[in-house]
Amino acid sequence: MVVEPASVAPASATPASTTTATTATDDAAPLRRLFVAILPDPAWSAELLRTQEAIAPQLRKASRTAPTNFHLTLEFLGPCSPGEEREAREALLDAVGRHTPFDLTLGGVGAFAKRRGAILWRGVHAEKDAGSREGAGSPGGSALRALQRDLLAALARQPTLGSRVDVAAPYAPHLTLFRQSRVAGASAGCDDPLDSLLATTNAGLSALGPEAFPTMRVTSVSLMWSHHPAPRGPLSYDAIATEPLRDRR
């Protein structure tokens, strides 16, 4: 089944009693496009790349995520001023400090259907079992969702960023493999080429067994900057702040 993401409408939030200090330098500084994410470990990155290689021949066109840009988004912030960036850093520190490390297992392939082409991704689940699905009640799923909720709450308390955060928005954890994807054709017995691609790819993952579903220990969360380091060059996602989850053992 193809999953269509829900539209997200900005929700108002009550401003904090304090305000972030701004300066003339802040006003003149360029905005930076920011988001908050969990970065994959080498085992996850290798498996995401392997999945891309398996899917690519079945696409007639797509924009492929560079392996250095793989990530699991917790919240997208968009263009931010230096003052808003400081608020994001404060919220990251506040939220992450409330949580301890946890395990996540890479899940199956899914898609968000878009008019200009599908977004193809791999999801997450908590059990190292090709047949299991991520759920809020599973250990890793619960920890991830609790972390994401606390992050949104911390962002919503910020005097400027708070107005653009919707704490009630549904969260669908995923790692993007391709954007603007068009499938080359359908398999026999399946009318929808995208559904066919998802079915055959997930069947192939299941056939590989546990090695296709590596487990990662989540130990930190990063504030990311999305930009082009060189004019007309490739897009880069760079971590500009990273906060560790607190291991209280």
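Nothing fancy with the numbering, it's 1 onward along the sequence.
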Quick one, [X] and [Y] - any side-chain contact, counting heavy atoms below 4.5 Å?
X      : Y      : value
Val221 : Thr242 : no
Val109 : Leu197 : no
Leu161 : Cys80  : yes
Val218 : Met216 : yes
Ser236 : His228 : no
Met224 : Val36  : no
Leu245 : Thr219 : no
Ile240 : Glu85  : yes

Just how far is it from atom [atom1] of [X] to atom [atom2] of [Y], taken to the nearest 0.5 Å?
X      : Y      : atom1 : atom2 : answer
Arg246 : His99  : CZ    : NE2   : 11.5 Å
Thr215 : Trp44  : OG1   : CH2   : 8.5 Å
Leu74  : Ser222 : CG    : OG    : 9.5 Å
Arg217 : Asp103 : CZ    : CG    : 4.5 Å
Gln58  : Leu120 : CD    : CG    : 10.0 Å
Leu106 : Leu48  : CG    : CG    : 5.0 Å

Are the side chain of [X] and the backbone of [Y] linked by a donor-acceptor contact shorter than 3.5 Å?
X      : Y      : answer
Asn69  : Leu235 : yes
Ser45  : Asp41  : yes
His174 : Ala172 : yes
Gln158 : Leu155 : no
Thr201 : Leu198 : no
Thr65  : Thr176 : yes
Glu87  : Thr160 : yes
Gln52  : Leu177 : yes

(message) Do Leu147 and Val167 sit in one hydrophobic cluster, given that two such residues count as connected whenever their side-chain heavy atoms are within less than 4.5 Å of each other, even indirectly?
(response)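 Yes, because Leu147 and Val167 connect within a single hydrophobic cluster, where side-chain heavy atoms sit under 4.5 Å apart.
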
(request) Give the cluster check for Phe102 versus Leu72: same hydrophobic cluster or not, with ILVMFWY residues linked at side-chain heavy-atom distances below 4.5 Å. (result)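 Yes, because Phe102 and Leu72 connect within a single hydrophobic cluster, where side-chain heavy atoms sit under 4.5 Å apart.
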
(message) Holding to ring pair (Phe, Tyr, Trp, His ring centres under 6.0 Å), I want the full list of residues that pass it with Phe70, two or more places apart in sequence or in another chain.
(response)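 Ring pair (Phe, Tyr, Trp, His ring centres under 6.0 Å) list for Phe70, sorted by chain: empty.
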
Where do [X] and [Y] come nearest, in terms of heavy atoms and distance?
X      : Y      : result
Asp238 : His227 : OD2-NE2, 2.6 Å
Asp166 : Leu152 : O-CD2, 3.4 Å
Phe35  : Thr73  : CD1-OG1, 4.3 Å
Arg145 : Pro173 : NH2-CD, 3.8 Å
Ile38  : Ser220 : CG1-O, 4.2 Å
Arg182 : Arg115 : NH2-O, 2.8 Å

Hey, are [X] and [Y] close enough for a salt bridge, meaning a charged N less than 4.0 Å from a carboxylate O?
X     : Y      : answer
Arg64 : Glu53  : yes
Asp94 : Arg157 : yes
Arg89 : Glu243 : no

(request) Let me see the working for Arg179 and Trp121 under side chain to side chain contact (heavy atoms under 4.5 Å, CB included), right down to the final yes or no. (result) CA-CA 9 Å; Arg179 299 178 189 275; Trp121 45 262; over 6 Å; no

(message) For a side chain to side chain contact (heavy atoms under 4.5 Å, CB included) check, start with the C-alpha distance between Leu223 and Leu77, then their side-chain angles and the critical distance, and finish with the verdict.
(response) CA-CA 10 Å; Leu223 180 63; Leu77 300 175; 4.1 Å; yes

(request) Step by step, work out the salt bridge (Lys or Arg N to Asp or Glu O under 4.0 Å) result for Arg32 and Glu84. (result) CA-CA 10 Å; Arg32 300 216 287 184; Glu84 291 169 329; over 6 Å; no

(request) Tell me, with the steps shown, if Glu75 and Leu34 meet side chain to side chain contact (heavy atoms under 4.5 Å, CB included). (result) CA-CA 9 Å; Glu75 178 67 358; Leu34 305 180; over 6 Å; no

(request) May I have the step-by-step check of side chain to side chain contact (heavy atoms under 4.5 Å, CB included) for Tyr171 and Arg149, ending in yes or no? (result) CA-CA 9 Å; Tyr171 179 52; Arg149 284 194 301 269; over 6 Å; no

(request) Compute the ring centroids of Tyr237 and Trp225, then answer whether they are less than 6.0 Å apart. (result)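 Not under 6.0 Å, so no.
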
